[in-house]
Amino acid sequence: MGFSDLGLSPDLLRAIEDAGYTTPTPIQEQAIPQVLMGRDVLGVAQTGTGKTAGFTLPMIEILGKGRAKARMPRSLILEPTRELAAQVAENFEKYGKYQKLNMALLIGGVSFADQEKKIDRGVDVLIATPGRLLDHFGRGKILLQDVKILVIDEADRMLDMGFIPDIERIVGVLPKIRRTLFFSATMAPEIRKLADKFLMNPKEISVAKQASTADTVAQHLVVVGSKAKREALRSLIRSENVKNAFIFCNRKRDIGTLQKSLVQHGFSAVALHGDMTQPARTETLAKFKNNEVSLLVCSDVAARGLDIQAVSHVFNFDVPSNAEDYVHRIGRTGRAGMTGRAYTIATPEDAKYVAAIENLIGKPIPRITPDDVDAEELDMSDVGGKRRRGGRSKGKPEAKTDEPKKTASAEKPAAKKAAKDKPVSEKSTREKPAREKSARTEPRPEAPRHEPIRDRRDEPKRERDRRYSRDDEPVEVTAGFGDDVPAFLLRTVKLKKSA
DNA sequence: AAAAAAT
């Protein structure tokens with residue numbers, strides 16, 4: 001099955017070919033003919049499935065016929081974040097280059113004037129975040145009664161962000177007769193209700209299991225004391241062949257600090273979060289996309305949908321407290337059939353969030369310790385994967401490694417660990433350079449607290465738990481498994497979807 | 001508990 005079988009015109013096929021695509025993804029294969037037939041579509045699709053082209057391609061096809069009147073856009077696409085809106089706009093440019101489609105990007109943080117000028121000239125496609133669209137609408141700058149195609153993208157996120165009232169207002173002024181395409185990564189009951197409200201007899205298309213993590217991403221979890229997170233991150237970055245990486249923080253205020261600290265340690269890093277000015281956001285993202293910088297320290301503004309080619313790693317500097325965000329974050333890597341690696345840095349206090357994530361993805365995330373990074377690779381090498389430190393080649397090693405096997409080995413982390421534990425600790429004490437330790441020798445009151453991350457496998461688990469426990473409350477310890485307690489037994493908190 | 005989005 002090729003793009004030419006989907007009913008797209010030659011101009012469009014040529015643009016697709018220029019972009020280097022030959023085969024439609026499953027969602028494209030299913031959605032494009034439906035949209036062309038004029039059917040409403042309810043798409044349940046993870047990011048990275050080619051969803052965006054799944055609606056932009058047929059829209060270009062349809063909009064190629066006919067012309068927009070001034071201030072009366074013919075189609076409307078709603079996106080939750082400015083970056084996503086911009087990304088969709090780029091998609092229209094890429095695929096619409098042989099057609100003369102007028103397009104306007106209505107997002108906040110930039111001047112109204114340019115946007116108004118475009119609207120006045122007449123646009124075929126309006127791509128917007130809800131706030132700015134309503135602003136234009138409220139000022140009477142835009143008329144929505146000629147919108148024939150409505151796309152609501154990332155509906156689950158729109159819901160999370162409280163956009164639904166805005167969306168309802170907007171949909172309320174659109175013509176009742178239109179086609180609507182509604183996409184969501186998940187199909188929670190509230191989302192289903194919304195879909196029922198906005199769609200008419202939709203064709204349901206589902207291409208990914210709900211909340212599944214791409215099996216092209218090798219996941220790992222590193223547990224350290226909260227004071228040692230930055231050090232653990234640096235150590236991970238150094239020991240991995242990081243081409244480029246997203247580094248996610250939970251709080252905006254931590255992002256700048258972490259980014260500066262990374263730069264101080266000689267890394268090439270920029271920051272991205274929603275409190276930055278829009279020009280700064282655009283610039284920082286462009287630098288990352290062009291590989292001018294390799295590390296993007298960011299908030300969840302970048303967690304969903306951002307499609308950046310060949311991202312080799314995702315680091316969660318903080319464990320996301322919303323389990324679904326974990327899936328979205330690590331989905332920034334391992335895209336389009338390539339493989340990627342995701343490392344989550346957790347503190348013992350994050351246990352309940354980790355448990356919720358593991359429950360959601362249906363499998364434990366293999367634990368490593370900072371010193372284990374080499375060992376992990378060693379462990380991987382016997383299933384045909386990763387090179388050792390120093391022995392790795394430049395380029396894109398992730399593209400070819402045999403990830404499914406890695407995932408398979410991850411199913412039984414306890415057994416694996418038991419097998420390798422002894423030699424590993426010997427090896428790591430021998431080989432680990434003094435570098436990381438001496439980097440932070442300034443006296444601190446809790447110095448002994450972060451020293452032990454290094455050797456914690458060598459002490460009794462009970463001791464570890466006590467040290468890492470908050471206050472002095474008694475700690476529950478599961479006995480009888482030595483150091484290798486199955487992850488499910490360590491889940492002390494019953495998982496509940498966050499309120 | 002936090003981030004995002006209109007100013």
Side-chain angles (χ1 to χ4, degrees), chain A residues 47 76-88 104-116 119 126-142 152-170 184-185 226 246-259 271-282 284-285 296-306 316-329 332 344 346-347 349-357 470 493 495-499:
Chain A
T47 56
L76 171 62
I77 300 171
L78 296 171
E79 295 287 337
T81 67
R82 298 169 184 177
E83 277 72 19
L84 279 178
Q87 188 170 286
V88 171
L105 178 62
L106 304 191
I107 59 174
V110 292
S111 95
F112 277 90
D114 297 347
Q115 296 176 355
E116 275 174 24
I119 296 169
L126 203 58
I127 304 157
T129 44
R132 182 56 73 96
L133 176 70
L134 282 171
D135 206 339
H136 279 286
F137 186 76
R139 295 165 185 230
K141 300 295 182 188
I142 197 164
I152 298 172
D153 199 12
E154 303 272 337
D156 53 333
R157 181 142 195 227
M158 300 262 202
L159 183 77
D160 287 349
M161 288 168 65
F163 275 163
I164 298 307
D166 286 350
I167 305 284
E168 284 176 332
R169 274 188 63 199
I170 293 165
S184 178
S226 58
F246 284 92
I247 300 171
F248 284 102
C249 298
N250 286 359
R251 289 172 210 79
K252 285 181 287 201
R253 62 164 182 270
D254 297 336
I255 291 171
T257 324
L258 179 60
Q259 181 257 340
L272 178 68
H273 62 74
D275 279 356
M276 291 163 54
T277 66
Q278 190 53 38
R281 285 167 67 165
T282 309
T284 219
L285 193 59
L296 183 70
V297 186
C298 56
S299 68
D300 281 319
V301 70
R304 301 201 192 191
L306 279 194
N316 287 315
F317 186 71
D318 299 308
V319 179
S321 46
N322 174 358
E324 281 184 3
D325 286 339
Y326 175 84
V327 179
H328 292 293
R329 287 180 180 186
R332 295 314 96 215
T344 298
T347 67
E349 288 76 24
D350 294 323
K352 64 172 183 283
Y353 299 127
V354 171
I357 290 165
R470 247 188 289 211
V493 177
L495 343 132
K496 205 153 93 192
K497 182 118 185 5
S498 55

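First the proteins, then the strands, lettered A, B, ... as listed; each starts at 1. Keep in mind that what you see is a predicted model, and the values were worked out from it rather than measured.
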Hey, does the side chain of [X] reach the backbone of [Y] with a donor-acceptor pair shorter than 3.5 angstrom?
| X | Y | answer |
| --- | --- | --- |
| A:T344 | A:V319 | no |
| A:E79 | A:I152 | no |
| A:D318 | A:P320 | no |

Please enumerate all residues that pass side chain to side chain donor-acceptor pair (under 3.5 Å) together with A:Q259, with sequence neighbours excluded. none
Under the side chain to side chain donor-acceptor pair (under 3.5 Å) test, residues paired with A:R139 that sit two or more places apart: A:D135
Euclidean distance, atom [atom1] of residue [X] to atom [atom2] of [N] [Å, nearest integer]:
| X | N | atom1 | atom2 | value |
| --- | --- | --- | --- | --- |
| A:F163 | B:dA3 | CZ | C1' | 11 Å |
| A:E324 | B:dA3 | CD | P | 19 Å |
| A:N322 | B:dA4 | CG | P | 14 Å |
| A:Y353 | B:dA3 | OH | P | 13 Å |
| A:I107 | B:dT7 | CD1 | P | 10 Å |
| A:M276 | B:dA5 | CE | C1' | 16 Å |
| A:L159 | B:dA3 | CG | C1' | 15 Å |
| A:E79 | B:dA3 | CD | P | 22 Å |

Please classify the nucleic acid contact of A:R281 as base, sugar-phosphate, or nothing, using heavy-atom distances under 4.0 Å. sugar-phosphate
According to a strict under-4.0 Å criterion, is A:R82 in side-chain N/O contact with OP1 or OP2 of B:dA6? yes
Are A:S299 and B:dA4 close enough that a side-chain N or O sits under 4.0 Å from OP1 or OP2? yes
Charged N-O contact under 4.0 Å between A:R304 and A:D160: yes
If you draw the axis of the six-membered ring of A:F137, does the NZ or CZ of A:R132 fall within 45° of it and under 6.0 Å from the ring centre? no
Contact check, residues 127-138 of chain A vs DNA chain B, heavy-atom distance under 4.0 Å, returns A:T129, A:G131, A:R132, A:D135
